[in-house]
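Computed from a prediction, not measured in an experiment: that's the story for all the values here.
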Amino acid sequence: MSYWLLKSEPSSFSIDDLAKRPAKRDSWDGVRNYQARNYLRDMRRGDLAFFYHSSAKQTGIAGIVKIVAEAYPDPTAFDPGNHHYDPKSDPSRPVWYMVDVKLERRLRRLVLLAELKARRELADMILLKPGNRLSVMPVAEKHWRAILQMERAASPE
DNA sequence: GCCAACGTTGGC
DNA sequence: GCCAACGTTGGC
């Protein structure tokens, strides 16, 4: 069982959007970075991932999703009309993959990026590494636990 | 294989 | 909207 973090811009897909899907479940499509794809392929059913809101008024961790289907070819890469179309990928030799996720729960509150940055024990999180732009990344168990503790604590003012 | 140009990401 | 960091592309 592993832990992960998935980034999404809430203006395109937010945790509220996921909550409205049938069975609160959807595919995590559109990943077009090789390292992120490799992490997607490492995910196993039952793994948990933080749902991170990027490029928003408030950036931070909004909730937890469970991996409910392991990586399979991302059909949006095959569709010339799709924003994420990639001619390098075709059904006989797919390049891009996606997993299915299900909303486990929202966090009690948004745990802000600024809070994560302020915690010394999270200093070596991939998310916080300077210049990091990965949209899919692993999360160490100690970091996962620390963030859940932060959720329980009051929001700093 | 090098590397400049370009596009994207994402915080601020 | 700005811009730094990074990844990708394509000419050579």
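By the side-chain contact (heavy atoms from CB on, under 4.5 Å) test, A:Arg133 is found to be paired with no residue, residues two or more places apart in sequence or in another chain being considered.
Under 4.0 angstrom from either OP1 or OP2 of B:dG11 there lies at least one side-chain N or O belonging to A:Tyr52. Taking 4.0 angstrom as the limit, A:Lys7 places none of its side-chain polar atoms (N or O) nearer than this to OP1 or OP2 of B:dT9.
When heavy atoms are screened at a 4.0 angstrom cut-off, A:Ser55 is found touching base atoms of the nucleic acid.
Rounded to whole Å, atom C1' of B:dG11 lies 18 Å from atom NZ of A:Lys129. Remark: C1' of B:dG11 and CG of A:Leu127 are 11 Å apart, rounded to the nearest angstrom. Between the C1' atom of B:dG10 and the CG atom of A:Leu116 lies a distance of 15 Å, rounded to the nearest Å. Whole-Å rounding puts the A:His53 NE2 to B:dC12 C1' distance at 19 Å. As rounded to whole Å, 12 Å separates atom P of B:dG10 from atom CG of A:Leu6.
Here ring-ring contact (aromatic ring centres under 6.0 Å, His included) pairs that include residues 45-70 of chain A, with residues two or more places apart or in two chains, are A:Trp28-A:Phe51, A:Phe50-A:Trp144, A:Phe51-A:His53. A ring-ring contact (aromatic ring centres under 6.0 Å, His included) check over residues 93-137 of chain A, counting only residues at least two apart or in different chains, returns the pairs A:Tyr34-A:Trp96.
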List the atom pairs, with distances to 0.1 Å, where a side-chain N or O of residues 120-127 of chain A and a protein N or O form a donor-acceptor pair under 3.5 Å, not counting sequence neighbours.
from     : atom 1 : to       : atom 2 : distance (Å)
A:Glu121 : OE2    : A:Arg119 : NE     : 3.2
A:Glu121 : OE2    : A:Arg119 : NH2    : 2.8
A:Asp124 : OD1    : A:His143 : NE2    : 3.0

Atom pairs and distances, donor-acceptor, side-chain atoms in residues 67-80 of chain A, under 3.5 Å, two or more places apart:
from    : atom 1 : to       : atom 2 : distance (Å)
A:Glu70 : OE2    : A:Arg45  : N      : 2.9
A:Tyr72 : OH     : A:Asp100 : OD1    : 2.5
A:Tyr72 : OH     : A:Asp100 : OD2    : 3.2
A:Asp74 : OD1    : A:Thr76  : N      : 2.9
A:Asp74 : OD1    : A:Thr76  : OG1    : 2.7
A:Asp74 : OD2    : A:Gly30  : N      : 2.8
A:Asp74 : OD2    : A:Arg32  : NH1    : 3.0
A:Asp74 : OD2    : A:Arg32  : NH2    : 3.4
A:Asp74 : OD2    : A:Thr76  : OG1    : 3.2
A:Thr76 : OG1    : A:Arg32  : NH2    : 2.9
A:Asp79 : OD1    : A:Gly81  : N      : 2.8

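Checked for salt-bridge contact, A:Glu115 and A:Arg109 meet the test: a charged N lies under 4.0 Å from a carboxylate O.
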List every contact pair, protein side and nucleotides 1-8 of chain C side both N or O, where the distance is under 3.5 Å.
from  : atom 1 : to       : atom 2 : distance (Å)
C:dA5 : N3     : A:Arg133 : NH1    : 3.2
C:dC6 : OP1    : A:Pro130 : O      : 3.4
C:dC6 : O2     : A:Arg133 : NH1    : 2.6
C:dC6 : O2     : A:Arg133 : NH2    : 2.9
C:dG7 : O4'    : A:Arg133 : NH2    : 3.2

